[in-house]
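Worksheet for the structure shown next.
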2 protein chains.
Amino acid sequence: MNVSREQMVENRRRILEAAGRLFRARGFEAVTVAEVMREAGLTHGGFYGHFRSKDDLIATTLAELVVAPEPELTALSDYAARYLSPGHRDNPGGGCPVAALVSETIRQAPEARAAMTEGLRRQIARLADGADAADSEAARQAAIGSWAAMVGAMIFARMSDDPDLSDEVLAQTRAWIARAIPAGAAE
Amino acid sequence: MNVSREQMVENRRRILEAAGRLFRARGFEAVTVAEVMREAGLTHGGFYGHFRSKDDLIATTLAELVVAPEPELTALSDYAARYLSPGHRDNPGGGCPVAALVSETIRQAPEARAAMTEGLRRQIARLADGADAADSEAARQAAIGSWAAMVGAMIFARMSDDPDLSDEVLAQTRAWIARAIPAGAAE
DNA sequence: TGATATACATGATGATGGTCATGTTTAGAG
DNA sequence: CTCTAAACATGACCATCATCATGTATATCA
């Protein structure tokens, strides 16, 4: 059984898409190579024709997820309001790869950490553009501080087994960011 | 070979201490039962005399770490300044169990999530006490928002493979929290 | 159209690690 | 002083996976 060149490209795309979804939903460790391939409509054996190892898949998947074009430029507090929604919390597999995977990335191979670090850099730059602060230094501070709060709050909200506390963390963090931003701008 | 009652209590304590350190340093998955026992000065076989399973160990360890008495009450921004230090970043095994383990706890057994959720509740209450805000609602908002930012920033700083970016995340988040708190109080 | 390279399927291999079975020694009770 | 229960050591078991070996069919090129 062989397959056309374009079919192969398509297969690789499907593998990365399945990996992106599964990794975000269940973490790197819990997802098996065989499972990714099954989700992509293939069997496990063909995997090593596309990637050198599972580590390679992880790094490549992160690199793809992280350079994904964000919507358009938005005001920082608008972005935070959309980010910190119950819908996002309840859909990790389709949501922000940072909230789902930063923590595990700490112990991944250097290539994976490099991809995630690059994603962090870009996100800070993007958010700083959306923070209308007094100067660019204040904008960068607001971007870093509120991005950390967004990701931290999303992780808290997903971890909590108490739905009320989970909702409250999202709502209060939204309010906290909205309130803190003008303060940064006024300085 | 038998062992005195107090020796057994001591052994259990050592197992939990080793587990706390290893889990924080390397995560739940990467640490083996045999390794925890070795660190505690025992062999793997005795483990099941103390805990029903590895999941049980995880939940018990989290419960212990989470009720650990925090230093004294401090002002929120002082707490943040100590929390967001390079020393803390570089010592995950001896540091905050939340920053090291929240994210993985999402996929752990219900008992583990319950323990971590309880820890989150307590920490929010503690920090709200330290936030001298206008009213208790504002204090709670500051506590949640800045706790999310602290944990998110610590995770970012540990993940980054770029030391400058890592340091910047800590410093800017410290500054962001210090700046945001009086704003919350003034409101 | 025929030859060949290759993408993928099937199945095996080897390592890892959670858990259990069994044995031994001694703390603690009578 | 005995007897027994239990805490721990040793060693095995079994499932899970990542990875590799081999086979097969077909896309591509001459």
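Each chain gets a letter, A, B and so on, in the order its sequence line appears, and its residues count up from 1. All values below were derived from every heavy atom in this structure, side-chain atoms included, with hydrogens, water molecules and symmetry-related copies excluded.
- Expressed to the nearest 0.5 Å, how far SG of B:Cys96 lies from CG of B:Leu101 amounts to 9.0 Å.
- What you find for A:Leu170 and A:Pro86 is that their closest heavy atoms are CD1-N, 3.8 Å.
- Under the 4.0 Å criterion applied to side-chain N and carboxylate O atoms, A:Arg14 and A:Glu17 are not assigned as salt-bridge partners.
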Exercise answer: donor-acceptor pairs, residues 28-41 of chain B side-chain atoms, under 3.5 Å, sequence neighbours excluded:
unit_1, atom_1, unit_2, atom_2, d
B:Thr32, OG1, B:Glu35, N, 3.0
B:Glu35, OE1, B:Arg26, NH2, 2.9
B:Glu35, OE2, B:Arg26, NH1, 3.0
B:Glu35, OE2, B:Arg26, NH2, 3.0
B:Glu39, OE1, B:Arg21, NH1, 3.1

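- Near DNA chain D, meaning a heavy atom under 4.0 Å from it, residues 23-34 of chain A has A:Val31, A:Thr32, A:Val33 in order of number.
- A close approach under 4.0 Å does occur between a side-chain nitrogen or oxygen of B:Asn11 and OP1 or OP2 of D:dC8.
- We find that B:Glu137 and B:Arg140 are not joined by a salt bridge, their nearest charged nitrogen and carboxylate oxygen being 4.0 Å or further apart.
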* To do: Show your working on side chain to side chain donor-acceptor pair (under 3.5 Å) between B:Thr117 and A:Asp161 and close with a plain yes or no.
  => CA-CA 7 Å; B:Thr117 302; A:Asp161 66 356; 3.2 Å; yes
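- Within the structure, side-chain hydrogen bond (donor to acceptor under 3.5 Å, both in side chains) pairs that include any residue of residues 106-116 of chain B comprise A:Glu104-B:Arg107 (at least two apart or interchain).
- Atom-to-atom, CD1 of B:Ile15 to P of C:dG18 comes out at 14 Å; the value is rounded to the nearest Å.
- When rounded to the nearest whole Å, the span between CZ of B:Arg38 and C1' of C:dT16 equals 13 Å.
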What's touching nucleotides 28-30 of chain D from the protein side, N or O pairs under 3.5 Å?
unit_1, atom_1, unit_2, atom_2, d
D:dT28, OP1, A:Arg5, N, 3.2

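- Of the residues in residues 40-61 of chain B, those lying under 4.0 Å from DNA chain C by heavy-atom distance are B:His44, B:Tyr48, B:Ser53, B:Lys54.
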Distance-only check: which donor-acceptor pairs under 3.5 Å involve side-chain atoms of residues 59-68 of chain A, not counting sequence neighbours?
unit_1, atom_1, unit_2, atom_2, d
A:Thr60, OG1, A:Asp56, O, 2.8
A:Thr60, OG1, A:Asp56, OD1, 3.3
A:Thr61, OG1, A:Leu57, O, 2.7

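- Side-chain atoms of A:Arg82 and A:Thr74 include a donor-acceptor pair closer than 3.5 Å.
- Between B:Gln7 atom CD and C:dG28 atom C1' the separation is 16 Å, expressed in whole Å.
- In this structure, A:Asp90 does not pair ionically with A:Arg158, as no charged nitrogen and carboxylate oxygen lie closer than 4.0 Å.
- The minimum heavy-atom distance between A:Ala178 and A:Ser77, with the atom names listed, is CA-CB, 4.3 Å.
- Atom-to-atom, CD of B:Glu35 to C1' of C:dT16 comes out at 13 Å; the value is rounded to the nearest Å.
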